[in-house]
Chemist: 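Can you read through this structure? Questions will come right after.
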Amino acid sequence: MPVRIVTADERLSAANNKTSLAIFGPPGAGKTSLLKTLPADRTVCLDLEAGMKSVQDWPGASIPIRSFADFRDLAVLIGGADPAADPNAWYSAQHLQHARGVYAGSGIEEFLASKSIVFVDSITDLTRQVMTYARQQPEAFSERTGKPDVRGAYGLLGREVIQALKHLQHAPGKTVIFVGVLEKVTDEFNVTTWQPQMEGSKAGRELPGIVDQVMSLHLFSRDADGDYVLDEKASERRFVCRAGNPYGLPAKDRSGRLDMTEPPDLGALLAKINTPQARAA
């Protein structure tokens, strides 16, 4: 496929249309309920967690997903064929035709095309589904003994998850939001860190390089000066948006437009990220 020049105006227009975010928060922080802050008519939730109870009154649509094969077919319908993919590989033109055949007459492809925001709930469960898939593939077994090879399964897990995330990240005109569990880990020296909860280490290590924004959703109280203090028993929720934050939470702001913390309103946050700044005179 020939390359083309993208003008500054085209780039700004495209930036207004799509952003990729990864949001992590501890269980019960209200990650799924963030759907209520998105426009229901433009949003579809890919529900891998079966955890829509908290948003049962949300007027938007969701698609329950029980296997990685189903997720992969939906991803190629959303993102289209990857022009760099081997003709026989996943996300190729051939895979797209296969997925169209699977969902022919269902209206799924047209429905997905009508939604500009894809909310994936959750990336934690996605990695679990991929691991279940990986354990059943030939490379998860030793060629010499035929016994299960955990290293082979984890290697395949990492490659499949990264490929799926990158395919959705490249989906034209789509804002893609991945949410996942944030896990508190305390080591033998009583040092506490917060880490995304995912099967395998490759996906978690490479995810910040794939998406535009990484944020943590957490609970905060206020100190005597009114500053935010991480407090797992508090009720006020905030996004932590910048790397090097004083809370030690995963975050990255590629847009450079977010404060250290922001209110948990994805609609407002996307507007802040995507609104072009005035050019210097």
Side-chain angles (χ1 to χ4, degrees), residues 19-38 45-46 48-49 51 54-55 117-128 161-162 165 168-169 175-187 190-223 226-274:
T19 304
S20 54
L21 303 91
I23 301 171
F24 295 96
K31 298 181 291 298
T32 303
S33 65
L34 291 171
L35 276 168
K36 295 181 177 179
T37 66
L38 292 168
C45 175
L46 303 185
L48 296 98
E49 195 177 64
S54 63
V55 291
I117 301 175
V118 180
F119 189 94
V120 180
D121 186 17
S122 67
I123 191 172
T124 302
D125 284 272
L126 173 63
T127 60
R128 290 169 181 158
V161 171
I162 295 300
L165 298 183
L168 283 177
Q169 193 262 347
T175 284
V176 184
I177 301 168
F178 305 99
V179 299
V181 174
L182 187 64
E183 183 177 17
K184 184 178 183 180
V185 178
T186 303
D187 66 16
N190 207 31
V191 176
T192 296
T193 57
W194 293 91
Q195 303 173 3
Q197 187 182 87
M198 287 188 265
E199 291 282 346
S201 60
K202 182 178 175 64
R205 194 169 61 245
E206 296 194 17
L207 182 63
I210 296 174
V211 298
D212 297 316
Q213 312 285 141
V214 177
M215 294 180 292
S216 292
L217 178 66
H218 217 290
L219 303 175
F220 289 88
S221 57
R222 305 265 193 156
D223 64 15
D227 295 327
Y228 289 108
V229 178
L230 204 65
D231 184 346
E232 296 173 65
K233 297 181 179 178
S235 58
E236 184 174 2
R237 301 184 305 154
R238 302 283 296 182
F239 284 133
V240 176
C241 306
R242 290 186 180 177
N245 59 79
Y247 316 108
L249 295 173
K252 180 192 81 170
D253 176 23
R254 187 175 284 171
S255 74
R257 297 174 181 175
L258 300 182
D259 294 329
M260 183 66 76
T261 73
E262 296 277 354
D265 183 329
L266 282 176
L269 198 81
L270 290 171
K272 188 171 184 178
I273 291 171
N274 294 327

Chemist: Please find the pair of heavy atoms, one from Lys31 and one from Phe24, that lie closest to each other, and give the distance.
Modeler: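 For Lys31 and Phe24, the tightest heavy-atom pair comes out as CD-C, 4.3 Å.
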Chemist: Could you tell me which non-hydrogen atom of Val55 sits nearest to which non-hydrogen atom of Ser33, and how far apart they are?
Modeler: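 Closest heavy-atom pair between Val55 and Ser33: CG1-CA, 3.5 Å.
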Chemist: Do you know the tightest heavy-atom contact between Ala234 and Ser221?
Modeler: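 The answer is CB-N, 3.9 Å.
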Chemist: For Leu249 and Ser216, work out which heavy atoms get closest and say how close.
Modeler: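 Smallest interatomic distance, heavy atoms only, reads CB-OG, 3.6 Å.
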Chemist: One pair to check against side chain to side chain contact (heavy atoms under 4.5 Å, CB included): Leu48 and Val120. What are the steps and the verdict?
Modeler: CA-CA 8 Å; Leu48 296 98; Val120 180; 3.8 Å; yes
Chemist: Are Gln169 and Val176 close enough that some pair of their side-chain heavy atoms sits under 4.5 Å apart?
Modeler: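 They are not in contact (no side-chain heavy atoms under 4.5 Å apart), so the answer is no.
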Chemist: Taking the side chain as every heavy atom from C-beta outward, state whether Leu34 and Phe239 have any atom pair closer than 4.5 Å.
Modeler: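 Of all side-chain heavy-atom pairs linking Phe239 with Leu34, at least one is under 4.5 Å.
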Chemist: Once you round to the nearest 0.5 Å, how far does OG of Ser122 lie from CG of Leu46?
Modeler: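 It is 11.5 Å, given to the nearest 0.5 Å.
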Chemist: For residues Glu262 and Arg242, determine if any side-chain heavy atom of one lies less than 4.5 Å from a side-chain heavy atom of the other.
Modeler: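 Counting from C-beta outward, Glu262 and Arg242 never come under 4.5 Å.
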Chemist: Restricting to non-hydrogen atoms, name the atom on Ala251 and the atom on Cys241 that form the minimum distance, rounded to 0.1 Å.
Modeler: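 That would be CB-C, 3.5 Å.
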Chemist: Please determine whether side chain to side chain contact (heavy atoms under 4.5 Å, CB included) holds for the pair Glu49 and Val179, giving the CA-CA distance in whole Å, both sets of side-chain angles, and the decisive distance to 0.1 Å.
Modeler: CA-CA 10 Å; Glu49 195 177 64; Val179 299; over 6 Å; no
Chemist: Below 4.5 Å, heavy atoms only, C-beta onward: do Leu207 and Val161 meet side chain to side chain?
Modeler: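 SC-SC contact between Leu207 and Val161 ruled out.
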Chemist: Rounded to the nearest 0.5 Å, what separates atom CD in Glu183 from atom CH2 in Trp194?
Modeler: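 Reported to 0.5 Å precision, the distance equals 9.5 Å.
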Chemist: Nearest 0.5 Å, please: how far is CD1 in Ile117 from OG1 in Thr175?
Modeler: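 Separation between the atoms: 5.5 Å.
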Chemist: Indicate yes or no: at least one non-hydrogen side-chain atom of Met260 is less than 4.5 angstrom from one of Pro246.
Modeler: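 Yes - at least one pair of side-chain heavy atoms lies under 4.5 Å apart.
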Chemist: What do the steps show when you test Leu219 against Asp231 for side chain to side chain contact (heavy atoms under 4.5 Å, CB included), and what is the final call?
Modeler: CA-CA 6 Å; Leu219 303 175; Asp231 184 346; 5.8 Å; no
Chemist: Determine whether a donor-acceptor pair (N or O, by modelled atom type, separation under 3.5 Å) exists between the side chain of Asn274 and the backbone of Leu270.
Modeler: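 Checking the backbone N and O of Leu270 against the side chain of Asn274, a donor-acceptor pair under 3.5 Å is found.
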Chemist: Drop me the distance from Arg254's CZ to Leu21's CG, to the nearest 0.5 angstrom.
Modeler: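 With rounding to 0.5 Å, CZ (Arg254) is 11.0 Å from CG (Leu21).
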Chemist: Checking Asp265 side chain against Leu269 main chain: does a donor-acceptor pair fall under 3.5 Å?
Modeler: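 Answer holds: no.
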Chemist: Could you tell me whether the side chain of Met215 reaches within less than 4.5 Å of the side chain of Ile23, counting heavy atoms only?
Modeler: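 Yes, close enough: below the 4.5 Å cut-off.
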Chemist: Any sub-3.5 Å donor-acceptor pair from Arg128's side-chain atoms to Glu199's backbone N or O?
Modeler: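 Looks like no, no N/O pair under 3.5 Å.
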Chemist: Report yes if some heavy atom in the side chain of Phe178 is under 4.5 Å from a heavy atom in the side chain of Leu126; otherwise report no.
Modeler: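 No. Closest side-chain heavy atoms not under 4.5 Å.
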Chemist: How far apart are the C-alpha atoms of Leu182 and Leu217, what are their side-chain angles, what is the distance that settles it, and do they pass the side chain to side chain contact (heavy atoms under 4.5 Å, CB included) test?
Modeler: CA-CA 9 Å; Leu182 187 64; Leu217 178 66; over 6 Å; no
Chemist: What I want to find out is whether Arg238 reaches Asp259 closely enough, with some N-O distance under 4.0 Å, to be called a salt bridge.
Modeler: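 Salt bridge absent between Arg238 and Asp259.
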Chemist: Would you name the heavy atoms of Ser255 and Ile273 that are closest together and state the gap between them?
Modeler: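 Closest heavy-atom pair between Ser255 and Ile273: CB-CG2, 3.8 Å.
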Chemist: Taking the side chain from Thr124 and the backbone from Val181, do they hold a donor-acceptor pair closer than 3.5 Å?
Modeler: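 Looks like yes, one N/O pair under 3.5 Å.
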Chemist: If you round to the nearest 0.5 Å, how far is CG of Asp253 from CG of Leu258?
Modeler: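 Spacing of CG (Leu258) from CG (Asp253) equals 4.0 Å.
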Chemist: In Å, rounded to the nearest 0.5 Å, how long is the span from CD1 of Ile162 to NZ of Lys202?
Modeler: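 Interatomic distance, Ile162 CD1 to Lys202 NZ, rounded to 0.5 Å: 6.0 Å.
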Chemist: Less than 4.5 Å apart, any side-chain heavy atom of Leu230 and any of Val240?
Modeler: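 No; the side chains remain at least 4.5 Å from each other.
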Chemist: Would you tell me whether Asp212 and Thr19 have side-chain atoms, one donor and one acceptor, within less than 3.5 Å of each other?
Modeler: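 Judged by distance alone, the side chains do not pair up.
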